[in-house]
Amino acid sequence: MNELDTLVDNARAAFAQAKAPADLENAKAQFLGKSGRITELMKGMAQLAVEEKKSRGAAINVAKQAIEAALTDRRQQLADEELAVQLRAESLDVTLPGRKHVGGGLHPVSRTLERIEAIFSSMGFDVADGPEIESDWHSFTSLNNPPNHPARSMQDTFYVDIDGDDGVPYNLRPHTSPMQVRYAHQHIKKHAAAFEAAAADTTGTVKAPEIRVIAPGRTYRVDSDATHSPMFHQCEGLWLGENVSFKDLKVVFTDFCRTFFESDDLVLRFRPSFFPFTEPSAEIDIQFQSGPLAGRWLEVAGSGQVHPNVVRNMGLDPERYIGFAFGMGPDRLTMLRYGVNDLRLFFDGDLRFLSQFQ
Ligand code: DAH
């Protein structure tokens, strides 16, 4: 075997030994580089005679081409191997279980609100929606809440940096009670003929139309602990008419609680209390007779007979229109229904908690 054939063989062996592209480029430099073996052989031809140069040059070229071909082959081989490794690593295991598509669901408080609406609708109550940014008049004054009442203080109520028409800043409603007067105005306007006919009647034969509504929604107060959140929910209730009494409140609310908790095994207690917009006023407590909460009195709502001043602010005659109002906390009802002990869990947005209600 001549010297050039040996060189080609050595090159092939060196290329075959290269296990990575970088090794191969190093090996290439030894044979084809600027100071590689082929270049050296070329330089060595300087002393040869012209005829010898030709044949020697041709032979070196053949060797060079063979080395280049070997290099190209090896490069391709390494690239193929690399691709094969990559494909193996990225291969799909079609036997793996698929990824689940997690469906969304209703928030537990939304479920409660829907439940409350369904139950009261079935009892003939309208469901009304109102603004969360409210005027001072609707939130307080119209509800017989005097200007110096503590509920108006900055400690309890969030105020907005915009003044209403009366020059008093708007507030984030601290309760849904402003919906009593707001809804009454809307309702009376919508049924103006019926209300006017009743007002004009002197014979006592025209029955006054009723106002029967609930108004669920978000409310806001400067308050935050395990049972208070700065944003929470309330549901207002109002039933006004000619002969609506505390007895009706008791029947309606008892019915509601038993339907809501799907249990007849609970009793209600009306505990005397004070609210500016009702007279007399009562807190409504419930007590389960069985189950984990049995025996404890749980406060679920404020209530009372609508104060004559509030009826007047609705534009109605308090001698004729009497009735009751209540305000309850759907968040509290949700906690009781599902046995949740920290209100903040509802508003943290943690899916580990929320997905349990799906
Ligand atoms: N607005 C009261 C509150 O936020 C709750 C309330 C009490 C509403 C008595 C009423 C009511 O309609 O009659 O504490």
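Numbering of ligands and ligand atoms starts at 1, following listing order.
- Taking the six-membered ring for Trp and the full ring otherwise, the centers of F277 and H175 sit less than 6.0 Å from each other.
- Proximity of M328 to I116: side-chain heavy atoms (C-beta onward) are separated by under 4.5 Å at one or more points.
- A heavy-atom distance below 4.5 Å is found between the side chains of L249 and S303.
- Under the salt bridge (Lys or Arg N to Asp or Glu O under 4.0 Å) criterion, R75 pairs with E25, sequence neighbours left out.
- You'll find the side chain of C235 stays beyond 4.5 Å of the side chain of F120, heavy atoms only.
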Give one line per pair: atom of ligand 1, protein atom, distance. Only N/O to N/O under 3.5 Å.
residue, atom, partner, partner atom, Å
ligand 1, 1 (N), H175, ND1, 2.9
ligand 1, 1 (N), S177, OG, 2.9
ligand 1, 4 (O), R221, NH2, 2.8
ligand 1, 4 (O), Q234, NE2, 2.9
ligand 1, 12 (O), Q180, NE2, 3.0
ligand 1, 12 (O), E236, OE2, 2.6
ligand 1, 12 (O), F326, N, 3.4
ligand 1, 12 (O), F326, O, 3.3
ligand 1, 13 (O), A325, O, 3.2

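- At a cut-off of 3.5 Å, with distance as the only test, no side-chain donor of E134 or S139 sits close to an acceptor on the other residue.
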